[in-house]
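Structure below; questions to follow.
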Amino acid sequence: MRKKRYTLMTLALASGMILGGTGILSQKISDAKTEKLVTTEKKSGDFSELVDETANLQEKNDEKEPLKTKQGIRLPEGAEIKEEKGDSFKILWDNRQITYYMSETEKESDADLTIEEVVGIAIKSIQAYTNQNNIGKNIEISLQKNTPADDDTYLLSEETSDGGTNEEVIPAGKNNNGIRCYAVDVEGTAEHKYSLLINSVTGQVFSYADFYDKNGEHHNYEDAQFSELEKKMKPECAAIAGDFVKKYLNLGDVEDSFAFSTGLMVTENCSRDTFDIFCKTKDGDTVMVTIDQLEKNVLCFVVNP
C-alpha cells in the first residue's frame, strides 16, 4: 500500500506562525506543503475586493500620522483594550476581538503596518482566495521575524520500481527568511481556520493556509492506483495552480510545473488528501501550492519558500 510517491525531506514551514494563544497553526499538518503567498491590499474598511498596491505601501508608511498608542500598541480609531494578560492584549474593534501578542524581540515602528491595515489585508486576502466570506470575529496577531530555515533547498525522494530511490533537489529560490512580518491567525466559519504571514512594511502576504476541518477524504493507494491518479490529476491541478498564481498572487504566467506529489493534511477531526505542485513563473518566482484532491481548491501555498 502506498499513500504518496514523493517525500519532502526538508520543508521550510514558517515556525513563527504558531502564536501564543489558540494558535491555528498548532494543529498538525502532515505532508501538506503549506505557507507563503504574495498579494497586498489597502486599509480595512472596504473588504469587497482585493487591491494590489505593494508599490505604494512603503510611500504611505512614510506619510503615516502618529496613531493612538497604548502599551506600545498603535490602536485603530475606536479600538479599546479590554483585557491584558501577560504579553497578550484583547482588543475590541470593528465588531471583532483581536488578540495581539507582544514580541520580546520585535517592536512596532512607524514604518510597520498598523493593526487596521493588517486586519484589512488578512480579511480581503482570505475572501479573494476562497471566493467566500468565511470570516469569524476572532483574529490573532503577532509581530515577529521570519526565522531562516536550516536548509534553503528541498530534497524530494522518489521510490523506484526496483526498490531504489531517485532524489531531486529543488532550490528554494528567492525567500523571505529574516524579514519582519505579522503572523495572523483568523477564525473562519463552517470549520475553516486561516493563517497568514504578512510582510510588516510592504503588506506582502507570503504565507497562507486554510485548515478545513470537515468532509475530508483520505485513501491509501496501490502503485497502479497512484500512477493512474497522478496521470489524471497532473494537468488539472497544474491548471488550477497556474490560474491561482497568476490571478491571486499577481506573479504572472507559470512557465513550468514540477515535483508533483500526493500528500495529507491532518486537522482535528479529519484527514484530507492533497496534491502538491511546485510552479515556476516567467519572472523566476517559485510557488509551492497544495490543492484539495476532493474539492479541487487551493488549501495552502508558499511563494519563494
Side-chain angles (χ1 to χ4, degrees), residues 3-8 10-14 29-40 50 52 125-132 153-156 158 168-176 192 194-197 204-212 216-219 221 226-265 272-305:
K3 175 173 68 68
K4 63 181 297 185
R5 186 176 182 182
Y6 285 97
T7 302
L8 191 61
T10 304
L11 178 59
L13 294 178
I29 304 177
S30 177
D31 293 332
K33 283 58 170 188
T34 61
E35 286 27 339
K36 295 183 183 176
L37 149 125
V38 150
T39 50
T40 56
L50 196 64
D52 179 19
S125 295
I126 293 167
Q127 289 176 335
Y129 308 149
T130 63
N131 292 312
Q132 298 183 48
T153 61
Y154 295 88
L155 175 63
L156 292 105
E158 180 185 11
E168 180 179 2
V169 177
I170 300 174
K174 299 176 293 184
N175 58 54
N176 296 290
H192 288 271
Y194 307 96
S195 289
L196 309 90
L197 286 182
Q204 186 180 67
V205 182
F206 62 89
S207 181
Y208 167 87
D210 172 4
F211 297 97
Y212 185 26
E217 189 171 273
H218 171 50
H219 302 94
Y221 298 108
F226 176 85
S227 296
E228 183 63 28
L229 173 70
E230 184 181 41
K231 184 186 302 182
K232 176 183 176 182
M233 294 199 68
K234 266 189 176 183
E236 182 180 16
C237 289
I240 292 172
D243 289 345
F244 193 94
V245 167
K246 182 176 181 179
K247 182 176 181 180
Y248 298 111
L249 278 59
N250 300 314
L251 293 177
D253 293 326
V254 171
E255 66 175 7
D256 187 25
S257 298
F258 55 99
F260 297 87
S261 65
T262 57
L264 178 68
M265 173 183 279
R272 318 187 68 78
D273 284 331
T274 61
F275 201 83
D276 308 308
I277 303 175
F278 279 77
C279 300
K280 185 174 182 179
T281 71
K282 289 183 177 179
D283 292 334
D285 291 298
T286 299
V287 186
M288 187 165 57
V289 181
T290 295
I291 296 171
D292 188 317
Q293 286 189 26
L294 178 63
E295 300 197 0
K296 304 297 191 302
N297 63 305
V298 174
L299 289 175
C300 26
F301 47 85
V302 184
V303 171
N304 296 321

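Index from 1, following the sequence. Owing to the predicted nature of the structure, the values given are computational and were not obtained by experimental measurement.
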Under the ring-ring contact (aromatic ring centres under 6.0 Å, His included) test, residues paired with Tyr212 that sit two or more places apart = His192
task = Measure across Tyr208 and Leu299 and return the closest heavy-atom pair with its distance rounded to 0.1 Å.
result = CE2-O, 3.6 Å
query = Does the side chain of Gln127 reach to within under 4.5 Å of the side chain of Gln132, using non-hydrogen atoms?
reply = no
message = Measuring from atom CZ of Phe275 to atom CD of Glu236, what distance do you get when rounded to the nearest 0.5 angstrom?
response = 9.5 Å
message = How close do Ser257 and Ile277 get, counting heavy atoms only, and between which atoms?
response = CB-CG2, 4.0 Å
message = Does any part of the side chain of Gln293, heavy atoms only, come nearer than 4.5 Å to the side chain of Thr262, both counted from C-beta?
response = yes
request  = May I ask you to test the Lys296-Met233 pair for a side-chain heavy-atom distance under 4.5 Å?
outcome  = yes
key: Asp210 vs Tyr129 side-chain heavy atoms within contact, under 4.5 Å   = no
query = Is Asp253 salt-bridged to Lys246, cutoff N-O under 4.0 Å?
reply = yes
message = Can you confirm whether Lys282 is buried at NZ, in the sense that more than 12 heavy atoms of other residues, nucleotides or ligands lie under 6.0 Å from that atom?
response = no
inquiry  = If you take the centroid of each ring, where Trp contributes its six-membered ring, are Phe278 and Phe260 closer together than 6.0 Å?
reply    = no
remark   = Heavy atoms of Leu196 and Ser125 approach each other most closely as CD2-CB, 4.1 Å
request  = Give the C-alpha distance, both sets of side-chain angles, the deciding distance and a yes or no for salt bridge (charged side-chain N to carboxylate O under 4.0 Å, His left out) between Asp292 and Arg272.
outcome  = CA-CA 7 Å; Asp292 188 317; Arg272 318 187 68 78; 2.7 Å; yes
task = Using a 4.5 Å cut-off on heavy atoms from C-beta on, say whether the side chain of Val303 contacts that of Leu249.
result = yes
request  = Just do the side chain to side chain contact (heavy atoms under 4.5 Å, CB included) check on Ile291 and Phe244 with the steps written out, would you?
outcome  = CA-CA 11 Å; Ile291 296 171; Phe244 193 94; over 6 Å; no
remark   = Heavy-atom nearest pair, Phe258 first then Cys279, reads CE2-C, 4.4 Å
request  = Identify the two heavy atoms, one from Val289 and one from Phe301, that lie closest to each other, and give their separation to 0.1 Å.
outcome  = CA-CB, 4.1 Å
query = Between Asn304 (side chain) and Thr286 (backbone), is there a donor-acceptor pair under 3.5 Å?
reply = yes
query = Is a side-chain N or O of Thr274 found less than 3.5 angstrom from the main chain of Gly263, in a donor-acceptor match?
reply = yes
inquiry  = How close do Asp283 and Leu251 get, counting heavy atoms only, and between which atoms?
reply    = OD2-O, 4.2 Å
ask   = Is there side-chain contact between Ile240 and Val298, with heavy atoms separated by less than 4.5 Å?
value = yes
query = If we only count heavy atoms from C-beta on, is the Thr281 to Val245 side-chain gap below 4.5 Å?
reply = yes
